[in-house]
Amino acid sequence: TVGGSIQNSTADVDVAAGPSSENVGGLVGYLGRIASLSGSSAEGKVNVEESTNVGGLVGVANSEIVRSNSSGDVTNTPIANEISDSTMIGGLVGEANADVVRSAASGDVQTSNSQKVGGLIGAAKANVTRSMAYGNVSATASTDVGGLIGNANSVTTHSFATGKVTGYLNIGGLVGTNSGTVAKSNSTGFVNARGIVAQNRPRTNSIGGLIGSNSGTITSSYASVDVLTYEPAEDEDESIEDGPAATEVGGLVGVNTGT
């Protein structure tokens with residue numbers, strides 16, 4: 001837990017945490033409300049098992065992150081034969097409760113059976129400005145999955161994602177689920193909902209090149225991505241027997257109930 005100032009600092013070590021860990025980061029696990037973090041980076045991998053609030057740089061951020069980055073991969077492994085409740089996993093920050101400004105993540109994010117997974121931030125509850133994610137996000141059988149942000153309830157502006165995104169429900173090239181504002185932002189990666197039907201989950205839903213499910217506002221933003229959905233396998237046990245393989249699929253937005 002950190003409540004002071006961190007500036008121009010770097011961690012170049014791998015971080016590993018056991019089952020059901022919380023607040024795990026490549027540089028800081030928990031960044032307090034009276035803290036500050038700027039000009040800093042994490043370069044090592046973060047490997048956890050069945051954990052919550054996991055980020056390549058910071059697990060939970062309660063104060064502003066400025067001009068900082070992470071380059072290591074973030075991997076969350078579910079416990080075998082157990083239902084996962086892992087949430088908020090991001091290439092830079094797991095849960096951002098304060099602004100993230102001019103920051104980036106370039107490592108890949110890999111998990112399964114999780115919620116709120118993003119190439120930069122798992123759950124953004126504060127503004128994200130001029131930030132980007134370059135890594136791939138592979139979150140099979142997971143919900144709220146985005147190339148930049150998994151779940152955004154904030155203002156995201158002048159930001160972008162370029163990686164390949166794989167998920168199950170509410171999958172977006174930029175944001176998985178948005179209830180805030182996305183402005184002057186874009187996705188140029190690849191959204192792939194193929195080959196992820198498993199564990200009695202018959203369809204992939206709410207898939208968008210920019211945003212999977214939107215109840216907020218989108219303005220001056222675009223998606224330049226291919227969006228592919230699952231195709232039933234030849235093996236009967238793995239195929240969908242009736243109904244569409246995917247529903248609510250759009251080049252920009254899968255489901256839009258906002259503006």
pair [X]-[Y]: side-chain heavy atoms closer than 4.5 Å:
| X | Y | result |
| --- | --- | --- |
| Gln110 | Asp73 | no |
| Val48 | Ser21 | no |
| Asn76 | Val117 | no |
| Lys164 | Asn192 | yes |
| Ile89 | Val109 | yes |

Kindly say whether [Y] contributes a backbone atom to a donor-acceptor pair with the side chain of [X] at under 3.5 angstrom?
| X | Y | answer |
| --- | --- | --- |
| Ser220 | Ala183 | no |
| Thr166 | Ser138 | no |
| Ser70 | Gly91 | yes |
| Asp99 | Glu64 | no |
| Asn170 | Gly212 | no |

Checking side-chain contact (heavy atoms from CB on, under 4.5 Å) against [X], which of [options] comes through?
| X | options | value |
| --- | --- | --- |
| Val128 | Ile149, Val182, Ile65, Val175 | Ile149 |
| Val58 | Val28, Asn23, Leu92, Ile121 | Val28 |
| Ser221 | Leu210, Asn186, Thr156, Thr157 | Leu210 |

Heavy-atom closest contact ([X] atom, [Y] atom, distance):
| X | Y | answer |
| --- | --- | --- |
| Ser63 | Ala98 | C-CB, 3.2 Å |
| Gly26 | Ala11 | O-CB, 3.6 Å |
| Ala123 | Met88 | CB-CG, 3.6 Å |
| Met132 | Leu120 | O-CD1, 3.4 Å |
| Leu27 | Ser40 | CD2-CB, 3.9 Å |
| Leu148 | Ser159 | CD2-CB, 3.8 Å |

| query | Which residues pass the salt bridge (charged side-chain N to carboxylate O under 4.0 Å, His left out) test with Lys184, sequence neighbours left out? | reply | none
Rounded to the nearest 0.5 Å, what separates atom [atom1] in [X] from atom [atom2] in [Y]?
| X | Y | atom1 | atom2 | answer |
| --- | --- | --- | --- | --- |
| Lys116 | Asn53 | NZ | CG | 10.0 Å |
| Lys125 | Asn153 | NZ | CG | 8.5 Å |
| Leu31 | Ser36 | CG | OG | 8.0 Å |
| Arg67 | Ser131 | CZ | OG | 11.5 Å |
| Ser179 | Asn151 | OG | CG | 6.0 Å |
| Asn205 | Thr247 | CG | OG1 | 3.5 Å |

| message | Among residues at least two apart in sequence or on other chains, which ones pass ring pair (Phe, Tyr, Trp, His ring centres under 6.0 Å) with Phe190? | response | none
Say whether [X] and [Y], considering side chains only, have a donor N or O and an acceptor N or O under 3.5 Å apart.
| X | Y | value |
| --- | --- | --- |
| Glu248 | Ser206 | yes |
| Ser106 | Ser71 | no |
| Thr162 | Thr188 | no |
| Ser154 | Asn127 | no |
| Tyr168 | Asn113 | no |

| task | Evaluate the side-chain contact (heavy atoms from CB on, under 4.5 Å) criterion for residues Lys45 and Thr75: first the C-alpha distance (whole Å), next the side-chain angles of each, then the deciding distance (0.1 Å), finally the verdict. | result | CA-CA 8 Å; Lys45 298 178 180 179; Thr75 303; over 6 Å; no
| said: Between Val60 and Asn97, is the side-chain contact (heavy atoms from CB on, under 4.5 Å) condition met? List the steps. | reply: CA-CA 8 Å; Val60 175; Asn97 297 311; 3.8 Å; yes
